[in-house]
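Reading through the structure tokens given below for one structure.
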Amino acid sequence: MLRNKLSYIILLCISLNLSAQDFEVYPTHWWAGMQNRQLQLMVHSNTDISSIATVSYPGVRLIRIAQPENKHYVFIDLEITAATKPGSFDIRFSDGKKLRYQLKLKSSVNGSQRVQGVHSDDFIYLIMPDRFSNGDPSNDVQVDYRDTVAERSNPRARHGGDIKGVQNHLDYLKDLGVNTIWMTPVMENDMPMMQEGQNLMSGYHGYWITNHYKVDKRHGGNQAYHDLVNAAHKKGMKIIQDAVYNHVGEYHHTVIDPPMKDWLNQWPSYQGSNHREEVFMDPYASAIDKKIMIGGWFVPHLPDLNLANPYVAKFIIQSSIWATEEFGIDGWRVDTYKYCDEQFLNNINIALKKEFPAITVFGEAWTNLVPEAAYFVQNNMNTKFKHNAQGVTDFPVTGAIYDAVKQKAQWTEGAGKLYETLSQDFLYKNPLRNCIFLDNHDMDRFYSVAGEDIARYKMGVGLLLTLRGIPQLYYGTEILMKNFKNPSDAEVRKDFPGGFAGDSEDKFTSAGRAALENEAFDYTKKLATYRRNSLALRRGKTMQYIPLNGVYVYFRYNDTQTVMCILNSNDAATNLNLDRFSERIGNRTSAKNIMTGNSDALNTELKLPANSFTVLELK
Ligand SMILES: [Ca+2]
Ligand SMILES: [Ca+2]
């Protein structure tokens with residue numbers, strides 16, 4: 001009797017296993033009409049899957065089925081011809097199981113109303129959604145996730161901010177002069193809180209991705225992301241998605257049940273990356289150092305993807321194409337760029353560009369040296385490997401801005417450093433495609449770097465909005481949020497005051513801001529607004545002059561507009577003789593000060609306030 005009952009239960013389980021719900025398939029759906037006719041499906045089940053299958057749908061051809069060591073998986077290569085119509089079809093396996101798959105209609109407005117690319121015309125605002133604004137308190141805790149802590153008093157836990165909170169403040173951002181939003185990764189991070197040093201830390205920052213096809217439910221899920229992207233596009237704004245190709249969270253589904261032995265970069269015992277980008281361009285580098293740079297893990301709980309494995313590469317490439325088409329995002333920022341297999345990086349950029357000709361990509365390559373930053377983008381250097389990314393996060397310029405703001409301009413100190421750094425731009429194919437910034441979620445906040453000195457803060461913001469490149473502001477910098485990363489990153493990732501119910505202050509409104517905060521906000525807004533209407537600042541050429549007597553001068557100009565930018569790093573007011581700049585001033589006789597609005601005749605001398613940044617449009 002007992003035996004019969006058991007076999008009944010087993011039979012029931014088997015019949016349940018025959019249902020389609022037992023499969024997970026990645027990409028979760030696809031589109032008819034894609035440029036690349038090939039699609040590789042990764043099908044996963046909790047039981048073994050047959051490696052024999054058939055597909056019957058007009059225009060869809062099954063090219064190949066491959067089964068890796070782990071029989072829970074098959075990889076199915078399909079060809080989807082140009083004539084294929086949107087619809088659904090079954091993939092039928094020889095053991096009777098079947099899988100329903102959907103081809104949707106591809107958007108016809110990519111490149112115009114969505115997937116537009118992000119350029120030097122734009123002004124990016126970087127947001128950590130968990131810390132910006134809580135638009136939906138009901139999603140703060142998800143009981144089916146591994147981390148159910150939402151606790152604003154804990155700097156290392158989730159605080160409950162979400163995508164709806166970002167959408168609620170689009171008008172605030174637009175008013176500030178921002179037109180592009182980059183959020184730290186929004187995809188699912190279903191990880192428990194992890195031990196980092198002495199503390200338990202959550203994946204509130206988003207960089208521990210566990211599913212590339214689901215937006216984290218605490219951020220509002222896929223629907224909230226759709227809503228934000230669509231609302232932003234309606235307001236003429238753009239969205240950058242933050243990608244992580246290098247690693248996944250330890251509870252990613254392909255780590256819990258790996259498709260094959262070499263899905264991850266494996267070592268006999270734990271091997272961390274050496275974090276030394278020199279290994280790529282160093283003529284004296286050893287092979288083992290390079291192998292450890294690429295194949296070593298970022299930290300122990302972030303398994304390193306073997307991007308040289310064609311199945312892994314395809315999985316990541318298709319997930320990036322999927323997110324671009326599904327949500328209509330306008331550009332990508334790629335985390336930990338320099339830790340990835342180099343050929344993979346070029347391949348994914350080519351694949352994205354083929355599908356979305358207007359898409360733009362900039363990678364995070366944290367280095368203080370221009371040749372190293374230039375190495376990871378299209379450049380003019382004679383290197384063995386040529387990268388094809390359009391832009392890079394321009395850390396060398398950030399470091400030079402810090403010097404220019406904090407020190408008096410000398411030979412290589414202060415603005416001398418900035419002058420020297422920009423002189424290296426000949427290494428880039430197009431430095432205007434670099435993302436330039438004063439701070440980000442991994443750095444000390446700029447107002448603290450500037451010594452909490454509003455004059456030096458304005459010098460920094462002035463440089464940010466007038467130098468070549470795509471300027472990026474970190475949330476809260478416009479309202480003087482401050483702190484060093486001491487004792488941890490959490491200090492520079494505090495909640496935006498007013499973003500959460502019950503906040504005692506609301507700094508999204510001028511009434512809620514202190515006078516000095518309004519001064520900072522208004523300064524940023526005024527210059528951003530001017531920049532938005534100035535082709536010379538957005539796309540113009542640059543001419544810089546050797547810093548002299550503590551004053552650094554550069555021009556941004558095109559055929560119709562000349563903007564003169566002057567950084568005075570002296571602690572006293574300074575007179576600047578203009579004779580030296582006649583090459584660029586030419587026959588222009590008046591100057592409009594962008595910040596004061598005053599227009600004056602251009603005399604032979606300018607009076608510069610102490611520690612100041614002056615922007616003049618010459619007529
Ligand atoms: Ca929430
Ligand atoms: Ca790696």
Side-chain angles (χ1 to χ4, degrees), residues 127-143 145 147-152 157-169 183 186 188-189 202-204 206-209 215-221 223-225 227-228 243-250 252 254-255 262-267 270-277 279-280 288-309 312-313 315-316 334-345 347-348 363-366 376 495-496 498-503:
I127 294 176
M128 191 161 262
D130 181 65
R131 301 299 165 91
F132 188 63
S133 175
N134 191 354
D136 181 3
S138 76
N139 63 19
D140 295 0
V141 172
Q142 299 287 335
V143 291
Y145 277 172
D147 164 16
T148 53
V149 180
E151 201 174 82
R152 286 187 68 199
R158 288 176 182 269
H159 290 184
D162 48 38
I163 292 172
K164 179 73 177 153
V166 175
Q167 191 183 333
N168 288 346
H169 292 97
M183 294 182 290
V186 295
E188 184 187 86
N189 277 217
S202 78
Y204 68 87
Y207 291 99
W208 301 347
I209 292 172
V215 173
D216 199 288
K217 287 193 279 184
R218 289 159 297 199
H219 285 146
Q223 190 55 50
Y225 196 32
D227 293 346
L228 170 68
V244 192
Y245 304 152
N246 180 62
H247 51 255
V248 291
E250 194 172 11
H252 191 273
T254 65
V255 177
D262 64 347
W263 188 260
L264 302 174
N265 285 313
Q266 303 281 12
W267 301 83
Y270 177 75
Q271 176 67 60
S273 173
N274 49 32
H275 305 279
R276 293 299 291 259
E277 59 279 0
V279 299
F280 293 108
I288 183 63
D289 280 348
K290 189 170 175 182
K291 188 172 152 73
I292 290 173
M293 173 64 192
I294 298 173
W297 292 21
F298 195 72
V299 293
H301 57 265
L302 297 178
D304 203 74
L305 290 174
N306 177 12
L307 297 165
N309 175 328
V312 180
F315 178 79
I316 294 294
V334 182
D335 186 63
T336 42
Y337 201 77
K338 64 189 188 188
Y339 296 85
C340 300
D341 180 83
E342 294 189 281
Q343 191 56 53
F344 162 81
L345 291 170
N347 291 350
I348 190 167
E364 178 210 25
W366 195 330
F376 294 100
D495 299 344
F496 193 107
F500 295 73
D503 279 358

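Numbering starts at 1 and runs along the sequence shown. Note: hydrogens, waters and symmetry copies are ignored here, and every other heavy atom, side chains too, is used. Start at 1 and go down the list; that is how both ligands and their atoms are numbered.
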Examine distances only and state if a side-chain atom of Arg218 and a backbone atom of Asp130 form a donor-acceptor pair shorter than 3.5 Å.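 Absent.
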Is the distance from the Ca ion (ligand 2) to some N, O or S atom of Asp341 under 3.0 Å?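 It does not: Asp341 brings no N, O or S atom closer than 3.0 Å to the Ca ion (ligand 2).
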N/O/S atom of Ile294 under 3.0 Å from the Ca ion (ligand 2), yes or no?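 Coordinating: yes.
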State the atom name: nearest N, O or S atom of [X] to the Ca ion (ligand 1).
{"X": "Asp140", "answer": "OD1"}
{"X": "Asp162", "answer": "OD2"}
{"X": "Asp136", "answer": "O"}

Angular separation of Asn246 OD1 and Tyr339 O about the Ca ion (ligand 2), given to 10°: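 It rounds to 80°.
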Look at Asn139 and state whether any of its N, O or S atoms is less than 3.0 Å from the Ca ion (ligand 1).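 Short answer: yes, at least one N, O or S atom is under the cut-off.
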Asn309 side chain to Asp262 side chain, donor-acceptor N/O pair below 3.5 angstrom: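 Side chains of Asn309 and Asp262: pair found under 3.5 Å.
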Can you check salt bridge (charged side-chain N to carboxylate O under 4.0 Å, His left out) on Lys164 and Asp162, steps first, answer last? CA-CA 5 Å; Lys164 179 73 177 153; Asp162 48 38; over 6 Å; no
Can you classify the ring geometry of His275 versus Phe298 as parallel (below 30°), tilted (30 to 60°) or perpendicular (above 60°)?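 Correct class here is perpendicular.
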Tell me the angle that OD1 of Asn134 and O of Gly160 form around the Ca ion (ligand 1), rounded to 10°.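 Rounded to 10°, it measures 70°.
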Take atom CZ in Arg276; do more than 12 heavy atoms of anything else shown fall under 6.0 Å from it?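 No, CZ of Arg276 has 12 or fewer neighbouring heavy atoms, counting only those of other groups under 6.0 Å.
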His247/Trp297 aromatic ring centres below 6.0 Å: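 Ring-ring flag for His247/Trp297: false, centres at least 6.0 Å apart.
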